[in-house]
Peer 1: 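Below is one structure. I have some questions about it.
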Amino acid sequence: MRKGIWKLGALCLAVLFLLTGCLPWGWEKFLENQPTRPPVVAFGDMEYTRQDVDALAASQQEVLDSLADGDDAETLMEKVFAFYEEYNRYYTCYALANIYYSKDITDSYWEGEYSYCLETSARVDALLDQMLYDLAASNLVKELESEDYFGQGFFDDYQGKSIWDETFTALVEEEAMLQSKYYALSGQASEEDPYSEAFLQNYGVKMADVFVELVRVRQEMAAYAGYSDYQSFAYDFYFGRDYTPGQAMGYLEDIREELVSLYQGVDYSPVWNLMNESCTESQTYAYVRKCAKAMGGKIAEAFALMDAAELYDISESTKKYDASFETYLTEYNEPYIFVNPQGNVYDKLTFTHEFGHFCNDYASFGTSVGVDVAEIFSQGMEYLSLCYVDDKQDLTMLKMIDCLNIYVEQAAYASFEHQVYDLEGWELTRENVYALYDSVGQAYGLDTWGWNSRTFVLIPHFFISPMYVVSYVVSNDAALQLYQLEVESKGAGLKKLESNLDTMETQFLGFVDAAGLESPFKQGRIQKVRKTLEDVLG
């Protein structure tokens, strides 16, 4: 029987572009003028320096001055690209600070640098947002939307007044400071067993109080932006999703009705014994190397870059941040993988998951696809690896149980997260958050293995990237379809994954439709998933 939850591949904690429904600043046009593949820079040779936000503001002002002076489009764009160079440098250093702090959350220097980046990012994003609104309002907008610059329709989402005024920026900065408190508490508690009473009493309570304050601040942000609830605000503002919170909650309820009984039935499966088998760093690495070599093409190219430039960390350390993620170092045009391994065989799939993100960023030069789309590549890589790596520890059954867990456990987390933002005023208390987490856990059968209502603080997504968790659920459905295609016809799933690695589709349903996959929201889809899992798990 399981004694806890293992970590799925997590998220990029460094950057979520705040451009609703858009690629970042005409990225595809910028890429057309770049070399096919820039020179490789080893991770150890990348330079971090704390970025001067005042200097970035001065660069933005040069753009605004150019507009005011009536400069032509070519002269104006020289200023715009100069600003973007500094903007990219800022976020590259932000990502580097994130990586180094995640490697050792007890390091006070990197804690300070990461906190600085986290807390100044609201001002930086406000600078970008305001510049784009000013460009959209200029008499040069038609020229700027030409094929030479941003592209047709880029400024459609920048009409009217920018939301990034002093009030909204202050709210985002307050959110960032609370997130910094959460990171600091995580560092202080690094030596404690996270499921122990000592952790939950000494640190968990403080983390829960931080979460309550985060919910309050985020509700204020949504209200200020003109939304009736935070869920809708986050879906639009951070993710640009083409489905609604209501659709998501209906889907999560379908999962509860169809899959919880199956989930409870595998709790004592002997397959769990695999989780007791140790796995070394070299074995984890070898699994992904074999996978990349067997798949070939862009995937093999991506692995070669990762290997040559040492763009990964899968080492064990008690000082590492308890999560795994992939991030993109924009200035160097290179992705990076961070994994905090658990020391068991699932580390192979965790590394594979993040390598799927790496391949997507490698092929697309870091184009900001929607997170729901990005998770298809990471989870799809996990499933397809089962078909391309002859591993002595056959992970197929374990991955299929994990597939069921993703549906049910991540659906439970997503349901809790959607409901917690409905708590308002005097109802929004630590005790009520605990009670909600407890009731949702019971509804989804998570109490089968010893549910503790206070452990929600161990899910970093709730603190760092709200409304992200549902991405794991919907994208898992699409990723499972890649596996089903591969089983039916060798190479079919891989071909579909590789041919879409460089996608610039930001929206999930749009991508699924274009790729010829089935929507997870289609009536009867969860029933099909249940049958597939029953056939495999017996």
Side-chain angles (χ1 to χ4, degrees), residues 10-25 27 87 91 94-95 98 117-119 121-130 132-133 157-158 162-165 168-176 178-179 182 211 214-249 325-328 357 366-376 410 413-414 417-418 420-421 459-475 504-511:
L11 69 164
C12 166
L13 298 176
V15 182
L16 282 176
F17 282 103
L18 305 183
L19 309 182
T20 308
C22 294
L23 297 174
W25 58 276
W27 186 252
Y87 180 87
Y91 267 112
Y94 190 165
N98 178 35
C117 295
L118 183 64
E119 292 168 15
S121 62
R123 185 184 173 198
V124 171
D125 286 320
L127 290 171
L128 172 62
D129 201 64
Q130 187 58 63
L132 292 174
Y133 270 91
D157 289 313
Y158 296 96
S162 170
I163 191 176
W164 285 93
D165 59 15
F168 186 77
T169 301
L171 287 170
V172 177
E173 288 174 343
E174 185 177 355
E175 179 190 33
L178 288 167
Q179 290 171 325
Y182 174 70
F211 180 70
L214 276 169
V215 173
R216 289 189 197 280
V217 170
R218 288 166 178 164
Q219 289 171 337
E220 287 185 52
M221 291 165 59
Y224 188 75
Y227 287 79
S228 60
D229 58 79
Y230 179 77
Q231 299 91 317
S232 298
F233 167 75
Y235 270 50
D236 284 350
F237 190 71
Y238 292 116
F239 300 105
R241 287 179 170 135
D242 53 355
Y243 58 92
T244 67
Q247 283 179 285
M249 285 297 288
F325 61 86
E326 180 267 1
T327 188
Y328 194 73
H357 283 308
T367 297
S368 182
V369 298
V371 293
D372 300 349
V373 176
E375 289 298 337
I376 297 173
Q410 300 301 312
Y413 301 151
E417 188 174 34
H418 280 67
V420 81
Y421 284 90
I459 311 296
H461 300 63
F462 297 155
F463 294 82
I464 306 305
S465 188
M467 297 297 142
Y468 188 110
V469 177
V470 71
S471 295
Y472 287 128
V473 189
V474 297
S475 63
M504 292 183 181
E505 178 60 66
T506 62
Q507 298 187 317
F508 175 73
L509 293 178
F511 175 85

Peer 1: Assess the residue pair Tyr472 and His461 against the criterion (ring pair (Phe, Tyr, Trp, His ring centres under 6.0 Å)); give the C-alpha distance rounded to whole Å, side-chain angles, the decisive distance to 0.1 Å, and a yes or no.
Peer 2: CA-CA 11 Å; Tyr472 287 128; His461 300 63; 5.5 Å; yes

Peer 1: Residues two or more places apart in sequence or in another chain: which of them pass side-chain hydrogen bond (donor to acceptor under 3.5 Å, both in side chains) with Tyr182?
Peer 2: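 Here no residue qualifies.
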
Peer 1: Measure the spacing between CD of Glu173 and CG of Leu118 and express it to the nearest 0.5 Å.
Peer 2: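 Going from CD on Glu173 over to CG on Leu118, the span is 10.5 Å.
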
Peer 1: Restricting to side chain to side chain contact (heavy atoms under 4.5 Å, CB included), what partner residues turn up for Thr244, sequence neighbours left out?
Peer 2: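 Thr244: side chain to side chain contact (heavy atoms under 4.5 Å, CB included) contacts with Gln247.
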
Peer 1: Please find the pair of heavy atoms, one from Val470 and one from Ala248, that lie closest to each other, and give the distance.
Peer 2: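 Smallest heavy-atom distance, with atoms named: CG2-CB, 4.2 Å.
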
Peer 1: Not counting sequence neighbours, which residues clear side chain to side chain contact (heavy atoms under 4.5 Å, CB included) with Ser475? List them please.
Peer 2: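 Here the qualifying residues are Glu375, Ile376, Gln379.
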
Peer 1: Can you give me the closest heavy-atom contact between Val469 and Ala414, atom names plus distance?
Peer 2: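 Smallest heavy-atom distance, with atoms named: CG1-N, 4.0 Å.
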
Peer 1: According to ring-ring contact (aromatic ring centres under 6.0 Å, His included), who are the partners of Phe168, at least two apart in sequence or on a separate chain?
Peer 2: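 Result, ring-ring contact (aromatic ring centres under 6.0 Å, His included) vs Phe168: Trp164, Phe237.
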
Peer 1: Side chain to side chain contact (heavy atoms under 4.5 Å, CB included) between Tyr468 and Tyr238: does it pass, once the steps are laid out?
Peer 2: CA-CA 9 Å; Tyr468 188 110; Tyr238 292 116; over 6 Å; no

Peer 1: State which residues pass ring-ring contact (aromatic ring centres under 6.0 Å, His included) with Tyr230; sequence neighbours excluded, sorted by chain then number.
Peer 2: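 Scan of Tyr230 (ring-ring contact (aromatic ring centres under 6.0 Å, His included), adjacent residues dropped) gives Phe233, Tyr421.
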
Peer 1: Name all residues meeting the side chain to side chain contact (heavy atoms under 4.5 Å, CB included) criterion together with Arg216; count only those two or more places apart in sequence or in a different chain, and write none if there are none.
Peer 2: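 Listed in chain order: Val212, Glu213, Leu428.
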
Peer 1: For Glu175, what residues pass the salt bridge (Lys or Arg N to Asp or Glu O under 4.0 Å) criterion, not counting sequence neighbours?
Peer 2: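 With sequence neighbours excluded, Glu175 shows a salt bridge (Lys or Arg N to Asp or Glu O under 4.0 Å) to Arg218, given in chain and number order.
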
Peer 1: Locate the shortest heavy-atom distance separating Ala122 from Val172; write the atom from each residue and the value.
Peer 2: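 Reported closest heavy-atom pair: CB-CG1, 3.4 Å.
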
Peer 1: Mind checking side-chain hydrogen bond (donor to acceptor under 3.5 Å, both in side chains) for Gln231 and listing every partner two or more places apart, or none if nothing turns up?
Peer 2: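 Here the qualifying residues are Asp422.
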
Peer 1: Using only heavy-atom distances, determine whether the side chains of Tyr91 and Asp125 contain a donor-acceptor pair under 3.5 Å.
Peer 2: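 Indeed, the side chains of Tyr91 and Asp125 share at least one donor-acceptor pair under 3.5 Å.
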
Peer 1: I need the minimum non-hydrogen distance between Leu171 and Val217, along with the two atoms involved.
Peer 2: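 Residues Leu171 and Val217, closest heavy atoms: O-CG1, 3.5 Å.
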
Peer 1: Let me confirm one number: the CD1-CE distance from Ile163 to Met221, rounded to the nearest 0.5 Å.
Peer 2: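 One finds 8.0 Å between CD1 of Ile163 and CE of Met221.
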
Peer 1: To the nearest 0.5 Å, tell me how far Tyr235 OH sits from Asp242 CG.
Peer 2: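 It comes to 11.5 Å.
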
Peer 1: Would Phe508 and Phe511 count as a ring pair (Phe, Tyr, Trp, His ring centres under 6.0 Å) here? Give the steps.
Peer 2: CA-CA 5 Å; Phe508 175 73; Phe511 175 85; 7.9 Å; no

Peer 1: So, using side-chain hydrogen bond (donor to acceptor under 3.5 Å, both in side chains) as the criterion, who are the partners of Gln130 when residues are at least two apart?
Peer 2: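 Applying side-chain hydrogen bond (donor to acceptor under 3.5 Å, both in side chains) to Gln130 gives Asp134.
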
Peer 1: Does Glu505 use its side chain to pair, donor to acceptor, with the backbone of Gln507 at less than 3.5 Å?
Peer 2: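 Yes; at least one donor-acceptor contact below 3.5 Å.
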
Peer 1: Using side chain to side chain contact (heavy atoms under 4.5 Å, CB included) as the criterion, list what pairs up with Glu119, not counting sequence neighbours.
Peer 2: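 For Glu119 the side chain to side chain contact (heavy atoms under 4.5 Å, CB included) partners, ignoring immediate neighbours, are Ser115, Ala176, Met177, Ser180.
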
Peer 1: Apply side-chain hydrogen bond (donor to acceptor under 3.5 Å, both in side chains) to Tyr243 and list each qualifying residue two or more places apart in sequence or on a separate chain.
Peer 2: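 With sequence neighbours excluded, Tyr243 shows a side-chain hydrogen bond (donor to acceptor under 3.5 Å, both in side chains) to Arg241, Asp372, given in chain and number order.
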
Peer 1: Testing the basics here: between Phe239 and Pro466, what is the closest heavy-atom pair and its distance to 0.1 Å?
Peer 2: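 For Phe239 versus Pro466, the nearest heavy atoms are CE1-O, 3.4 Å.
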
Peer 1: Between Phe211 and Leu178, does the side chain to side chain contact (heavy atoms under 4.5 Å, CB included) criterion hold? Intermediate values first, please.
Peer 2: CA-CA 8 Å; Phe211 180 70; Leu178 288 167; over 6 Å; no

Peer 1: Side chains of Phe325 and Asn98: closer than 4.5 Å at any heavy-atom pair?
Peer 2: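 Phe325 reaches Asn98 side chain to side chain.
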
Peer 1: Could you state the interatomic distance from CG (Leu214) to CD (Gln219), rounded to the nearest 0.5 Å?
Peer 2: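 Those atoms lie 11.0 Å apart.
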
